[in-house]
Chemist: 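Quick one: this structure, given as C-alpha cells, is what I'll be asking you about.
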Amino acid sequence: MSLHHHFEAALPAWVDSWVGHWLNARGMALDSAEHRMQMAVSLSAENVRRETGGPFGAIVVHNDTGRLVGVGVNVVTSENLSIGHAEIIALCLAQRSVGSWNLAEAGPMQLVTSCEPCSMCFGAVPWSGINSLVCGARREDAEAAGFDEGDKPENWTASLEQRGIAVRLDLMRPEAARVLSEYADGAGAIYHPGQS
C-alpha cells in the first residue's frame with residue numbers, strides 16, 4: 001500500500017462551464033457583495049441539482065476589481081473528503097490561482113459563502129489572507145437542515161474583525177437558507193460521524 005498519493009482539491013466537471021455561462025447570462029460583473037452572493041447561492045443550488053455534493057457554495061473575489069479568483073462547492077460526498085467544504089475548496093483554488101498560500105499578497109480578497117462558516121472553515125479563514133467575509137445563511141439554518149456546524153467562539157465575528165477581517169452576515173439569507181431546507185426535504189445526504 002502506497003501512502004504517497006497526490007492531493008488535489010477538485011471541483012465537479014460542470015463548474016467551469018457553469019461559471020462562464022452564469023456570468024455571461026447576467027452580463028454582470030462581480031462588483032458588489034450582492035452580485036457575489038447571488039453567484040455563491042446559485043452555486044449551492046446547482047451543486048444540489050446536479051447531485052455532486054452538499055448545499056453550499058463559495059467564491060473568492062478580488063475585493064477591488066471584482067475578479068473571480070476561486071470557486072468552491074461542497075464535495076464531501078463526491079470526493080470522499082470530510083474537509084471538502086465549499087469555503088475550503090474556494091480558498092485552496094484561489095491560493096493555487098494566485099500562487100501563494102497568503103491571498104493578501106495578490107491584493108484585498110473577499111470570501112463570499114452561501115452559509116456562515118462551520119468551525120473548520122472558520123479556522124481556515126484567518127490563515128487564508130482574505131480581508132473580508134460575506135455570509136448568506138446562518139448556522140441555525142444549516143443545523144435546521146441536519147448539519148453539524150461544530151464548535152466555534154460565540155463571538156466569532158468579533159474574533160475575525162480583531163484580525164482585520166470585515167464580516168457581513170445575512171446577505172440573501174432567505175434564499176441561501178431555502179437551498180439548505182430544500183436539500184434536507186429532498187433527503188440529501190447529511191454527513192458527519194455522529195449522524196446515524
Chemist: Got a salt bridge between Glu116 and Lys152, using NZ or NE/NH1/NH2 to carboxylate O under 4.0 Å?
Modeler: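 So Glu116 pairs with Lys152 through a salt bridge.
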Chemist: Mind checking the CE-OG spacing from Met109 to Ser132? Nearest 0.5 Å is all I need.
Modeler: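 Reported value, rounded in 0.5 Å steps: 12.0 Å.
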Chemist: State which residues pass side-chain hydrogen bond (donor to acceptor under 3.5 Å, both in side chains) with Ser44; sequence neighbours excluded, sorted by chain then number.
Modeler: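 Partners of Ser44 under the side-chain hydrogen bond (donor to acceptor under 3.5 Å, both in side chains) test: none.
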Chemist: Check for a donor-acceptor pair, side chain of Ser97 on one end and backbone N or O of Leu93 on the other, with a separation under 3.5 Å.
Modeler: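 No, the answer is negative, given that no donor and acceptor are paired below the 3.5 Å cut-off.
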Chemist: Among Asp31, Asn63, Thr113, whose side chain to side chain donor-acceptor pair (under 3.5 Å) with Arg36 holds?
Modeler: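 Going through the options one by one, the only one that passes is Asn63.
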Chemist: Looking only at heavy atoms, which two atoms of His35 and Leu30 are closest? And how far apart?
Modeler: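 The pair with the smallest heavy-atom distance is O-CD2, 3.9 Å.
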Chemist: Is it true that a side-chain atom of His62 and a backbone atom of Asp64 form a donor plus acceptor pair closer than 3.5 Å?
Modeler: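 Checking the backbone N and O of Asp64 against the side chain of His62, a donor-acceptor pair under 3.5 Å is found.
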Chemist: Do the side chains of Glu34 and Arg168 get close enough for a salt bridge, i.e. N-O under 4.0 angstrom?
Modeler: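 Between Arg168 and Glu34 there is a salt bridge, with a charged N closer than 4.0 Å to a carboxylate O.
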Chemist: Considering residues at least two apart in sequence or located in another chain, which fulfil the side-chain hydrogen bond (donor to acceptor under 3.5 Å, both in side chains) criterion with Ser181?
Modeler: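 Listed in chain order: nothing, the list is empty.
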Chemist: Going by the angle between their ring planes, with limits at 30° and 60°, are Phe147 and Phe56 parallel, tilted or perpendicular?
Modeler: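 Perpendicular, since the angle between the ring planes exceeds 60°.
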Chemist: Please check if the side chain of Asn47 supplies one atom and the backbone of Gly54 the other of a donor-acceptor pair under 3.5 Å.
Modeler: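 Indeed, once roles are kept as given, a pair shorter than 3.5 Å links the two residues.
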Chemist: What distance separates Glu149 CD from Glu140 CD, expressed to the nearest 0.5 Å?
Modeler: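 Separation between the atoms: 9.5 Å.
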Chemist: Test your reading of the model: is there a side-chain donor-acceptor pair from Asp141 to the backbone of Ala177, 3.5 Å cut-off?
Modeler: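 No: the side chain of Asp141 does not pair with the backbone of Ala177.
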Chemist: Evaluate whether atom CG of Asp151 has more than 12 neighbouring non-hydrogen atoms of other residues, nucleotides or ligands under 6.0 angstrom away.
Modeler: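 At most 12 heavy atoms, drawn from other residues, nucleotides or ligands, come within 6.0 Å of this atom.
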Chemist: Answer yes or no: is there an ion pair linking Glu175 with Arg178, defined by an N-O contact shorter than 4.0 Å?
Modeler: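 Looking at Glu175 and Arg178, the cut-off is not met.
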Chemist: Tell me, please, which residues at least two apart from Trp14 pass side-chain hydrogen bond (donor to acceptor under 3.5 Å, both in side chains).
Modeler: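 Counting only residues at least two positions away or on another chain, Trp14 forms a side-chain hydrogen bond (donor to acceptor under 3.5 Å, both in side chains) with Thr52.
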Chemist: Hey, could you give me the CG/CZ distance between Leu169 and Arg139, rounded to the nearest 0.5 Å?
Modeler: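 It comes to 13.0 Å.
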Chemist: Once you round to the nearest 0.5 Å, how far does SG of Cys118 lie from CG of Asp148?
Modeler: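 Those atoms lie 9.0 Å apart.
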